[in-house]
Structures are given as C-alpha cells and as structure tokens.
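Count residues from 1 along the sequence.
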Amino acid sequence: MGSFGSVYKGILDQDQKLVAVKVLNLRFRGASKSFIAECKALRSIKHRNLVKVLSACSSIDYHGNDFKALVYEFMVNGSLEEWLHTIENVDEVHNNLRNLNLLQRLNIAIDVASALDYLHKHCPEPIVHCDLKPSNVLLDNEMTGHVGDFGLARFLLESTLDCSANQSSSIGVKGSLGYVAPEYGMGNEVSPSGDVYSYGILLLEMFTGKRPTDNIFSDGLSLHNFAKVDLPAQIPSIVDPMIFQQREQDASTSINNAHNQSSDSNHKILECLISILKLGVTYSEELLSDRLAINVVVPQLQVIKNTLLGGRRSEPVLQYHHE
C-alpha cells in the first residue's frame, strides 16, 4: 500500500517475467495527477539506477470504473526500508537475513546519488524527485539501488517558469514527513536542493539505522543534530550497531588475519564512517546555501569506497548519457 494505491507482484504470460504493478486508487485525491506526473517523468528518463517502467495502462475496469496502472521491472530484494528496519508480521528467519554490511550500504548510497545527479543534471529535462526516502529505493538481485516512485516529481523547467502555479500546488509536492526540506514548509518553490536535503537525511538513516521520525527525536533534537553534535568523538554510539555486528561476523570467517591488520582495518572503517556521516550532515543542513550540489557527493563517496577497500581501484564514476 502506498499514498495513491497498491503495488502487486505479477507475471507476464509471454516470458514468465516478474513485474511490479502499481494500481492507482483513483478515489484518493491527487491519484490521477500522480499517475500523469509519473508517466511524464518516466517516458523521458533512462538510467541504471532508476526503476524501469515497462508499460502504463489507462482504461476502465470490468465494472466500468476508471483504471490506471503502471508496470515496472520487479525488484527481487524489495526496498531499502525493508533492509534498514525490522518489519512487523514478517517471518523472523527472513528478517535475520536482511542485514546490509558497510560496503553494501555505501554502494547503495552511491547508486542513489548517481540517480539524483542524472535527474538534476543529465536527463533531457531536469527533474526534481520530491519524495526520496528508503521505501522509494528498490534493490535488484545484485543489491543495486534503483530510485522509484515519481508520483510527486516535478520538471525543473516548469517549476522555474511558473512559480505561482508551483506554489499553489506546493501542498502536493512536499513529500514525506522527516525527509522534506525545511524550505518547502515555508512555501519555497521546488528545487534540486530539496532532493539534496532528502538525500542527506537518507544517508544519515542508512548509517545510523534511525528514522528521522524516530521517537527519540523531539524537543529540538533531529536526526541531523543527533549525528552532527557527537561527530566524530561518539561515532560508535551514532552508527547502526548492525554494521559492527556484520563486521564481527565477517572477521570471524578470516581467523588468519594478524592483530595489527585488524586494528588498521577497524581504524579505516571508523574513518570511512565519520566521512560518510559528515556528508550526511552537510547535505541535510537547514539552510540551502550550506548544501552542496548532488554531483559533488558521487566522487566523494567513491573516494571513501576506495579507502574502505584498502586503496584498491573501484568502479569509475558513472558517465551519463541519454538512451
């Protein structure tokens, strides 16, 4: 279930291909507008880190009611939300398997940043996603991150040329609680900086394991401040303990490592975590002027990844082109 409808798992008869079918609940106000926005965005974009749309349907059902649906490539590993947080009423064994290690989280962070960089700078018409959050980041069988759900997306050119229209519809493009840029709450027009703020919060959530809407964040304390105040001195108390647990499990499978190598490795991991969280804090600053453009974060995260891998050459920064 989502804001404007439900998503079903389906199989195409022709080649038994698994698909995800998003069926809009047209009784919800804004559902039709969301469908049109998503169709318009998806028809002009194509990138390895965006969810691929296979088809769209706008017709009537067997009862004569309007029917609108979108058919996507199925992401076998679900959403990032499901991997970061325990889901109620799900088999415990299945939950125990859902644990992302440090490198996997870093790779997904790079995937999401690459997708946003493409949307903001490299697609035919610049697009602001407006609703970036873990449940809208889907993972394929290789754990590659794909940004999806463009129901609130706005074309930057439209937003710039028609500020009054944009402001009048601002209630519908604010996004989700905890991830919305502060300036949207003051009536500011949609901009890439709004996505940058959401990305900063997403980055902090990925590596602290805490949602921005967690109950501990009250009386002026936010996820941003939680990470910012205690960096770098209290890094073990900030970082998601599952990262360290996963590290211990990985280390236990390599008992031949020398003690000093393990010590150096732990120091390297802490340095990488500090660098990542500092980026999350920078990108989630309250003032627009304090945030950097999203294209800056991709090479920075690649440098951190190289450090984590011990200086080994990792994948090059993606070069974008429209297909």
I'd like to know if the side chain of [X] reaches the main chain of [Y], judged simply by a donor and an acceptor atom lying under 3.5 Å from each other, with no hydrogens or angles considered.
X: His129; Y: Asp149; result: yes
X: Tyr179; Y: Tyr197; result: no
X: Asn101; Y: Gln104; result: yes
X: Thr208; Y: Leu204; result: yes
X: Asp117; Y: Ile294; result: no
X: Ser34; Y: Gly30; result: no
X: Trp83; Y: Arg105; result: no
X: Asn77; Y: Asp140; result: yes
X: Asp195; Y: Cys130; result: yes
X: Arg291; Y: Glu286; result: yes

Quiz item: Could you walk me through whether Ile274 and Glu271 pass the side-chain contact (heavy atoms from CB on, under 4.5 Å) check?
Solution: CA-CA 5 Å; Ile274 290 170; Glu271 280 192 339; 5.7 Å; no

Looking at [atom1] of [X] and [atom2] of [Y], how far apart are the two atoms once the value is rounded to the nearest 0.5 Å?
X: Ile11; Y: Leu18; atom1: CD1; atom2: CG; answer: 5.5 Å
X: Leu84; Y: Asp240; atom1: CG; atom2: CG; answer: 7.5 Å
X: Phe217; Y: Leu223; atom1: CZ; atom2: CG; answer: 4.5 Å
X: Phe226; Y: Gln234; atom1: CZ; atom2: CD; answer: 10.0 Å
X: Lys210; Y: Ile238; atom1: NZ; atom2: CD1; answer: 9.0 Å
X: Thr144; Y: Asn107; atom1: OG1; atom2: CG; answer: 8.0 Å

Practice problem: State whether a side-chain donor-acceptor pair under 3.5 Å links His120 with Asn295. | Solution: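 No, no side-chain donor-acceptor pair sits under 3.5 Å.
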
Quiz item: Do Glu81 and Arg211 sit within salt-bridge range, that is, some charged N less than 4.0 Å from a carboxylate O?
Solution: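 Answer for the salt bridge query: yes.
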
Quiz item: Taking 4.0 angstrom as the limit, do Glu285 and Lys228 come out as a salt bridge?
Solution: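 Lys228 and Glu285: salt-bridged.
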
Taking atom [atom1] of [X] as the centre, report whether more than 12 heavy atoms of other residues, nucleotides or ligands fall under 6.0 Å from it.
X: Lys52; atom1: NZ; answer: no
X: Ile216; atom1: CD1; answer: yes
X: Asn215; atom1: CG; answer: no

Practice problem: Kindly indicate, with the supporting measurements, whether the criterion side-chain contact (heavy atoms from CB on, under 4.5 Å) is fulfilled by Leu202 and Leu80. | Solution: CA-CA 10 Å; Leu202 176 71; Leu80 179 59; 4.0 Å; yes

Within the structure provided, determine whether [X] and [Y] are in side-chain contact (heavy-atom separation under 4.5 Å).
X: Leu270; Y: Val239; result: no
X: Pro212; Y: Glu205; result: yes
X: Leu50; Y: Phe150; result: yes
X: Glu183; Y: Leu287; result: no
X: Thr282; Y: Asp290; result: no
X: Cys39; Y: Leu70; result: yes
X: Leu279; Y: Ile304; result: yes
X: Val297; Y: Leu292; result: no

Practice problem: Just do the side-chain contact (heavy atoms from CB on, under 4.5 Å) check on Tyr283 and Ile201 with the steps written out, would you? | Solution: CA-CA 8 Å; Tyr283 279 80; Ile201 295 297; over 6 Å; no

Mind listing the closest non-hydrogen atom pair of [X] and [Y] along with its distance?
X: Met75; Y: Leu139; answer: CB-O, 3.4 Å
X: Gly209; Y: His85; answer: O-CE1, 3.4 Å
X: Ala153; Y: Ile127; answer: CB-CG2, 3.9 Å
X: Leu203; Y: Gly280; answer: CD2-N, 3.6 Å
X: Tyr199; Y: Ile110; answer: OH-N, 4.5 Å
X: Val137; Y: Gly145; answer: CG1-CA, 4.4 Å

[X]-[Y] co-clustered via ILVMFWY side chain contacts under 4.5 Å:
X: Val71; Y: Val147; answer: no
X: Phe67; Y: Val21; answer: yes
X: Tyr8; Y: Leu138; answer: no
X: Val7; Y: Phe74; answer: no
X: Ile108; Y: Val303; answer: no

Quiz prompt | Chi angles and distances behind the side-chain contact (heavy atoms from CB on, under 4.5 Å) call for Leu102, Leu273 | solution = CA-CA 9 Å; Leu102 177 55; Leu273 287 168; 3.6 Å; yes

Practice problem: Could I get the full list of salt bridge (charged side-chain N to carboxylate O under 4.0 Å, His left out) partners for Glu38, not counting sequence neighbours? | Solution: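 So Glu38 forms a salt bridge (charged side-chain N to carboxylate O under 4.0 Å, His left out) with Lys22.
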
Practice problem: Going by the side chain to side chain donor-acceptor pair (under 3.5 Å) test, name the single residue among Ser59, Ser32, Ser58 that passes it with Lys68. | Solution: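 When Ser59, Ser32, Ser58 are each tested with Lys68, the side chain to side chain donor-acceptor pair (under 3.5 Å) holds only for Ser58.
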
